[in-house]
Amino acid sequence: MQKLGLSFNLSQKLSPQQIQFIKLLQIPTAELEARIEEELEINPALEEGEFTEGPADEVDNNDDNFDEEYDNSSENDDYEDSKEDSYDEEIPLTDYLDEDYAGYKMQGDGNGNDEEDRDIPFTSDVTLSELLQNQLGFLKLSERETIIGEQLIGTIDNDGYIRRDLEAIANDLAFQQSFETDIDEIESVLFKIQTFEPAGVGARNLQECLLLQLKRRHDHQELLDIAIDIIEHSFEEFTKKHYEKIQKKYNIDDEQFKEVIDIITHLNPKPGGSEGGDVKSQYIIPDYILTNNNGKLELSLNSKNAPDLKISRAYMEMFETYDKSDKKDKKMREAVTFVKHKLDSAKWFIDAIYQRQLTLLRTMEAILKMQYDFFLEGDETKLKPMILKDIATVIDMDISTVSRVASSKTILTEFGLYPLKYFFSEGITTDSGEDVSSREVKQLIKEIIDKEEKQKPLSDDKLDEILREKGYNIARRTVAKYREQMGIPVARLRKEV
């Protein structure tokens, strides 16, 4: 037997305006301009306009909700008289006819129009591929060798290596150009390309790259012969820095061995890197700019590339026309419904941009206040332990909001460009009971390693012991984790002769 029951369910859903705000909050300043241009293209009620200064509370957030019956009126063919008589109340024209609609930019925004624009210079150097193609033209190659040579050059990566198997290159020639060849013929052309500049280009691995560079040198021939032999026959021991084993094998004294290792370590492991390849230069646009004005820190948002926005006057005039027209005309009602939706979308977007800027500024001001000593001097040891929850509590927002702000934003200071994530770190308690940032511990580990005896580098256990003597009680595995995060290799790989 079926039974009927009544149940209540409470759930939370994000409104379209909230979703739009979240998406805008996540994107960095570099992408904001493109997002605004995209909105300008799809919404004719939104247009660029000169910024009109005014208090933030001029932005009207109370007109987001309109009568649902009006929103759906264009879908009904029959309009009731009661609805027709109430259109004047359903469309508050004054909400759209106010020309002093506040912009989303604030006084805290930096890089205004009065700032001198500076062009970034770009070099006009040829790419690695073009450089190799030019050198290929100077060789007296047959037609077959030229085809193979061009295919090989096209396979070379930006760092100067050929990582594709020669057999695969032969298959590429067969399928793409109907050109039949074998590995021996390809390899003979490759050997010629390996004589090109820069030295080491066209190598198939690091070992071959180093050998190509060594064999081009003619100074200190005796030491060069030893270096070549080490790379050819003791490469694995060299990469693992088993220097004592290598020195014993070649029976050379400490001074000679040091010179041999010095020759090898000064070779270029990425011969194509200096040529830049086909990679385009990329520049990071900071979201915040912090300046020190005679000891007073001044924070501003970088909104130089974001255009000012306003509601289209033409769409406002459509409402004026509707106000003077016969409101019972069905086509006019449908047109004004479309205009209303576009105006709503424009108002929501401008408000979302404004809220984005306000949230960014509040978040960074809280970070600046907590890490003031660091921003004043640029000393990493002055960084205090800080987590997302600390900032969320100060600005009275959710942790997820702070996380979105910190995930992809950067700040430009007189000490350099920093991602916001850099200022968040764990706290460690010292013997004196003081909480210090993990950044301070990392900096201390780096300083200890920089001063260590390179012939006998310190192990993680020894580093842990030194830190404990200084009052930092952390585990050895934490020392290893911090060392790896800074990209510092283990003691065995830091050993030098």
Side-chain angles (χ1 to χ4, degrees), residues 15-17 19-21 23-24 27 31-77 79 83-106 109 112-113 303-358:
S15 66
Q17 297 94 315
I19 295 173
Q20 186 178 58
F21 168 68
K23 289 182 177 179
L24 286 173
I27 62 175
E31 299 177 17
L32 180 62
E33 181 184 12
R35 178 64 184 90
I36 292 176
E37 290 178 354
E38 178 186 349
E39 191 69 22
L40 287 169
E41 289 180 3
I42 64 178
N43 190 350
L46 186 69
E47 60 183 29
E48 294 186 40
E50 294 183 0
F51 169 54
T52 303
E53 282 198 16
D57 58 9
E58 288 184 20
V59 180
D60 190 358
N61 297 320
N62 298 322
D63 300 318
D64 293 337
N65 297 320
F66 290 84
D67 195 290
E68 293 182 2
E69 293 181 2
Y70 177 78
D71 287 337
N72 298 325
S73 61
S74 61
E75 299 176 2
N76 298 324
D77 292 335
Y79 291 85
K83 291 183 180 179
E84 293 172 353
D85 295 335
S86 63
Y87 275 125
D88 287 331
E89 297 178 2
E90 293 174 349
I91 306 175
L93 300 178
T94 56
D95 293 342
Y96 299 99
L97 300 180
D98 184 9
E99 294 186 40
D100 296 327
Y101 196 92
Y104 62 84
K105 290 192 176 181
M106 299 173 287
D109 292 358
N113 294 329
S303 299
K304 182 177 181 180
N305 295 327
D308 299 303
L309 300 175
K310 68 177 184 179
I311 302 295
S312 171
R313 179 61 194 172
Y315 270 63
M316 295 179 185
E317 292 174 352
M318 290 184 188
F319 268 89
E320 292 177 341
T321 304
Y322 169 75
D323 189 38
K324 299 174 184 177
S325 66
D326 180 9
K327 297 180 178 59
K328 294 184 179 181
D329 182 82
K330 178 181 175 181
K331 290 184 177 180
M332 179 62 72
R333 288 196 299 268
E334 292 176 350
V336 81
T337 300
F338 171 80
V339 173
K340 169 190 167 300
H341 289 162
K342 291 299 180 182
L343 287 171
D344 282 345
S345 179
K347 282 166 61 73
W348 291 338
F349 187 77
I350 292 176
D351 184 59
I353 293 288
Y354 171 78
Q355 293 297 333
R356 174 190 185 273
Q357 307 295 69
L358 186 63

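When reading the values below, keep in mind they use all heavy atoms of this one structure, side chains included, and skip hydrogens, waters and symmetry mates. Predicted, not measured: the structure shown is a model, and the values here were computed from it. Along the sequence shown, residues carry numbers from 1.
- Here the shortest heavy-atom pairing between A45 and A346 reads O-CB, 4.0 Å.
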Please test L46 against K310 for side chain to side chain contact (heavy atoms under 4.5 Å, CB included), starting from the C-alpha separation and ending with a verdict. CA-CA 6 Å; L46 186 69; K310 68 177 184 179; over 6 Å; no
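- Atoms CD1 and CD, from I350 and E39 in turn, are 9.5 Å apart once rounded to the nearest 0.5 Å.
- Atoms CG and CD, from L32 and Q357 in turn, are 6.0 Å apart once rounded to the nearest 0.5 Å.
- Between the CZ atom of R35 and the CZ atom of F349 there is a distance of 4.5 Å, given to the nearest 0.5 Å.
- Summarising the geometry, atom OG belonging to S345 is positioned 6.5 Å from atom CD1 belonging to I42; distances are rounded to the nearest 0.5 Å.
- Residue R313 comes nearest to E47 through the heavy atom pair N-OE2, 4.0 Å, listed as atom of the first residue, atom of the second, then distance.
- If you take CG on L309 and CD1 on I36, they are separated by 5.0 Å, rounding to the nearest 0.5 Å.
- A distance of 10.5 Å separates NE2 in H341 from CG in L343, rounded to the nearest 0.5 Å.
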Taking it one step at a time, do K347 and D351 satisfy salt bridge (Lys or Arg N to Asp or Glu O under 4.0 Å)? CA-CA 6 Å; K347 282 166 61 73; D351 184 59; over 6 Å; no
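- Considering all non-hydrogen atoms of both residues, S312 and P44 come closest at CB-O, 3.7 Å.
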